[in-house]
Amino acid sequence: MLDLRYVVENLEAVRTRLCRRGDAYSASLDQIASLAQTRREAIINGERIAKELNDATAAMAKIADKKSDAFALAREKNRALGDARKTFEREQAEAELAIQDLLLGIPNEPAADVPDGRDETGNVVVKTWGAPPKMDFAPKEHHDLGTALGILDFERSARLSGPRFSVLFREGAMLERALATFMLDVHTQEHGYTEVYTPYLVKDSALYGTGNLPKFGDQLFKIAGNEERTYDLYLIPTAEVPVTNLHGKELLADDELPKKYVAFTPCFRAEAGAAGRDTRGMIRQHQFDKVEVVQLVRPEESDAAHEALTRHAETILEKLGLHYRRMLLCAGDMGASAKKTYDLEVWLPGQGCFREISSCSNFGDYQARRADLRYRPADDAKGKAKPRLLHTLNGSALAVGRTLVAILEQYQQEDGSVVIPEALRPYCRGLEKITRR
RNA sequence: GGAGGCGUGGCCGAGUGGUCGAAGGCAGCAGCUUGCUAAGCUGUCGUACGGGCAACCGUACCAUAGGUUCGAAUCCUAUCGCCUCCGCCA
């Protein structure tokens with residue numbers, strides 16, 4: 001969410017910058033400006049009357065005889081003031097509610113160094129690491145490989161849960177678990193992240209905090225039932241949601257920053273609107289595992305933290321020897337909450353293309369304002385510093401299922417077996433290769 | 001699931017209808033001390049919004065949302081959360 005005062009005072013500049021996303025949100029911005037004026041007038045009027053009433057009330061407290069005519073008269077007079085105040089307060093509250101609704105629907109401003117572009121064709125290749133593995137045969141796609149090896153099963157998962165799920169057997173299941181442990185170890189031991197285990201169900205308020213609600217509810221699984229509950233629960237679409245909101249409504253001390261968390265969780269996505277896309281295999285599922293890194297940092301540190309965090313994700317790919325490239329997303333292809341995003345795309349020889357395996361974003365204070373993430377800066381020369389909003393960042397490091405896919409496809413052999421990357425072998429009881437049984 | 005209790009400032013903790021934004025303590029900050037030494041003394045010290053060039057002024061905020069009242073941290077209702085006991089359970 002953008003700051004109201006900032007929007008009102010920089011209306012045209014905001015309009016121009018949002019335009020880069022493909023929609024200037026002009027109508028919303030104009031409504032916000034107008035409502036802000038209404039709100040300001042209601043505040044001024046309401047406060048004037050509140051002052052009057054407070055003075056009158058204080059005077060009443062001094063009347064010794066509460067049964068006197070003077071007291072009764074004052075009471076009558078003040079009743080009207082109280083009603084008037086309530087009217088203005090209501091007007092203010094209504095304006096604020098409407099403003100809030102509009103602001104929640106407005107995306108973040110793209111950073112200045114984000115390229116123009118309306119969709120993924122506007123994204124820019126920043127770098128490419130490694131090379132496609134040499135294969136003197138036609139590479140297979142992961143689902144054919146995995147099914148033949150008996151480690152992937154999409155028939156039974158369909159029977160159990162419908163489309164967009166999978167069952168993993170033996171080395172498949174082991175690899176999933178090994179990858180998660182491997183990634184967690186690297187991030188906690190080498191990159192300084194604190195491992196955290198969170199709930200997989202969250203209140204809607206947490207989803208407002210990260211920006212998944214109110215606009216993208218169709219991507220979420222909402223938990224049905226339970227009449228007695230007064231709030232909605234959702235399955236998390238990513239660990240970003242519980243982890244980013246972890247310190248919501250707290251006031252963090254300067255010396256506990258930056259907060260760096262890594263969490264391994266399942267992710268649940270409705271994939272509405274993705275009908276027909278990636279229907280085969282493990283690329284796009286309703287449930288998948290992901291190791292997510294999240295940072296809460298001082299505002300002036302977020303750009304550097306974004307570069308570092310992206311490197312942390314890349315490290316995993318490099319340790320696994322997986323050929324990939326880094327993309328800088330253009331303004332039109334970024335998520336609504338982000339101000340700058342790098343996607344890491346891993347090479348899939350079976351599909352003959354790069355596929356997203358990680359998305360690393362800097363959100364500036366956009367999520368922090370929604371989720372109420374603040375810290376008190378260290379005292380400056382002028383004395384005690386005011387609380388400030390933090391900046392939030394996160395990235396997949398990595399999507400475990402897609403990493404498994406990439407390993408199957410990049411490490412496949414002509415006979416259909418799959419070599420296990422060396423870095424992963426200690427997590428696989430030393431196993432070097434997956435072969436057909 | 002049943003019974004009871006509790007939610008106050010960064011933290012702890014007073015306060016049960018009328019100058020209470022809220023005593024006291026801790027932490028922090030500034031200064032003074034330097035023979036009580038992981039010390040002592042003094043002062044200062046919330047957040048948001050609105051107005052003002054500014055000093056500053058005003059309003060709101062005692063879990064959250066409503067309500068009663070001339071007036072609510074204090075009374076009422078609902079909700080959320082935590083604690084204790086019983087039951088159940090992995």
Side-chain angles (χ1 to χ4, degrees), chain A residues 1-9 32-33 35-100 103 197 199-209 223 225-233 242 245-257 259 296 365 368-390:
Chain A
M1 186 165 70
L2 301 177
D3 178 57
L4 173 61
R5 181 184 285 261
Y6 168 77
V7 170
V8 170
E9 290 177 358
I32 288 169
L35 282 163
Q37 184 59 27
T38 305
R39 167 178 176 268
R40 181 202 298 258
E41 282 162 15
I43 287 173
I44 291 170
N45 286 323
E47 290 190 349
R48 194 190 67 235
I49 291 186
K51 169 103 175 88
E52 219 175 300
L53 180 62
N54 286 348
D55 291 346
T57 290
M60 284 186 74
K62 290 204 177 97
I63 299 177
D65 182 3
K66 307 292 190 206
K67 294 206 164 90
S68 66
D69 290 345
F71 192 84
L73 197 70
R75 189 162 58 200
E76 277 312 310
K77 203 177 138 212
N78 289 348
R79 189 170 292 154
L81 279 175
D83 290 346
R85 183 181 63 165
K86 272 196 179 120
T87 303
F88 284 120
E89 282 176 352
R90 206 156 283 152
E91 200 175 304
Q92 180 191 346
E94 279 170 18
E96 283 175 356
L97 213 63
I99 289 169
Q100 182 81 353
L103 279 177
Y197 174 89
Y200 300 158
L201 293 172
V202 293
K203 294 183 189 177
D204 49 359
S205 56
L207 290 152
Y208 277 95
I223 300 302
N226 204 335
E227 295 285 313
E228 292 168 26
R229 209 174 56 225
T230 56
Y231 49 88
D232 290 325
L233 279 177
N245 283 284
L246 205 53
H247 294 288
K249 312 224 178 293
E250 296 177 27
L251 186 62
L252 298 177
D254 187 79
D255 60 13
E256 46 185 333
L257 297 176
K259 290 278 189 191
L296 311 180
D365 62 11
R369 187 171 292 105
R370 289 171 166 243
D372 193 10
L373 297 166
R374 298 182 306 154
Y375 78 107
R376 189 183 296 284
D379 294 331
D380 53 27
K382 287 177 282 183
K384 198 165 188 171
K386 289 269 182 195
R388 291 175 77 194
L389 291 171
L390 291 157

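Reminder, nothing fancy here: chain letters follow the sequence lines and each chain counts from 1.
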Are the side chain of [X] and the backbone N or O of [Y] linked by a donor-acceptor pair below 3.5 Å?
X      : Y      : answer
A:R39  : A:Q92  : no
A:E41  : A:T38  : no
A:N245 : A:G248 : no

Taking the [atom1] atom of each, how far is [N] from [M], in whole Å?
N     : M     : atom1 : result
B:U42 : B:G46 : C1'   : 22 Å
B:G10 : B:C89 : P     : 44 Å
B:A14 : B:G7  : P     : 9 Å
B:G15 : B:U74 : C1'   : 9 Å
B:C32 : B:C49 : P     : 36 Å
B:C6  : B:U16 : P     : 14 Å
B:G21 : B:U59 : C1'   : 12 Å
B:G50 : B:A65 : C1'   : 24 Å

Starting from [atom2] on [N], measure out to [atom1] on [X] and report it in whole angstrom.
X      : N     : atom1 : atom2 : result
A:I43  : B:C57 : CD1   : C1'   : 16 Å
A:D254 : B:C29 : CG    : C1'   : 15 Å
A:E89  : B:G71 : CD    : P     : 11 Å
A:D55  : B:C57 : CG    : C1'   : 13 Å
A:H247 : B:G10 : NE2   : P     : 17 Å
A:R376 : B:C11 : CZ    : C1'   : 13 Å
A:E96  : B:U59 : CD    : P     : 18 Å
A:I63  : B:G71 : CD1   : P     : 15 Å

Could you walk me through whether A:L390 and A:K259 pass the side chain to side chain contact (heavy atoms under 4.5 Å, CB included) test, one step at a time?
-> CA-CA 10 Å; A:L390 291 157; A:K259 290 278 189 191; over 6 Å; no
From [options], nucleotide with atom closest to [X] side chain:
X      : options             : answer
A:E47  : B:G18, B:U47, B:G50 : B:G50
A:A61  : B:U47, B:C49, B:G18 : B:G18
A:K203 : B:C49, B:C80, B:U47 : B:C80

Answer yes or no: does a side-chain N or O of [X] lie under 4.0 Å from OP1 or OP2 of [N]?
X     : N     : answer
A:K62 : B:U19 : no
A:R5  : B:C49 : no
A:N54 : B:U59 : yes

Is it true that the side chains of A:E96 and A:Q100 contain a donor and an acceptor less than 3.5 Å apart?
-> no
Indicate whether any N or O donor in one side chain lies under 3.5 Å from an N or O acceptor in the other, for A:N78 and A:R75.
-> no
What's the verdict on side chain to side chain contact (heavy atoms under 4.5 Å, CB included) for A:L251 and A:Y375, showing C-alpha distance, side-chain angles and the deciding distance?
-> CA-CA 5 Å; A:L251 186 62; A:Y375 78 107; 5.5 Å; no
Select from A:L251 and A:G46 the residue whose nearest nucleotide in RNA chain B is closer to the 5' end of that strand.
->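 Between the two, 5'-proximity favours A:L251.
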Residue whose closest nucleotide on RNA chain B lies nearer the 5' end, A:D3 versus A:R48 |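 Per heavy-atom nearest nucleotide, the more 5' residue is A:D3.
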For A:A98 against A:L35, the heavy-atom pair lying closest together | CB-CD1, 3.7 Å
Which atom pair, heavy atoms only, marks the closest approach of A:G46 to A:F88?
->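 The answer is CA-CB, 3.7 Å.
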Nucleotides 64-70 of chain B: which of its N/O atoms have a protein N/O under 3.5 Å away?
unit_1	atom_1	unit_2	atom_2	d
B:C70	OP1	A:R79	NH2	2.4
B:C70	OP2	A:R79	NE	3.3
B:C70	OP2	A:R79	NH2	3.4
B:C70	O4'	A:R75	O	3.4

Side chain to side chain contact (heavy atoms under 4.5 Å, CB included) evaluation trace for A:R85 with A:D83 | CA-CA 5 Å; A:R85 183 181 63 165; A:D83 290 346; over 6 Å; no
Residues A:R79, A:E76: salt bridge by 4.0 Å N-O rule |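 Yes.
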Counting a pair only when it is Watson-Crick or G-U and both distances are under 3.5 Å, which runs of at least 3 such pairs involve RNA chain B?
->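 In RNA chain B, stems of three or more pairs: B:1-7 with B:80-86, B:10-12 with B:24-26, B:28-32 with B:40-44, B:46-51 with B:56-61, B:63-67 with B:75-79.
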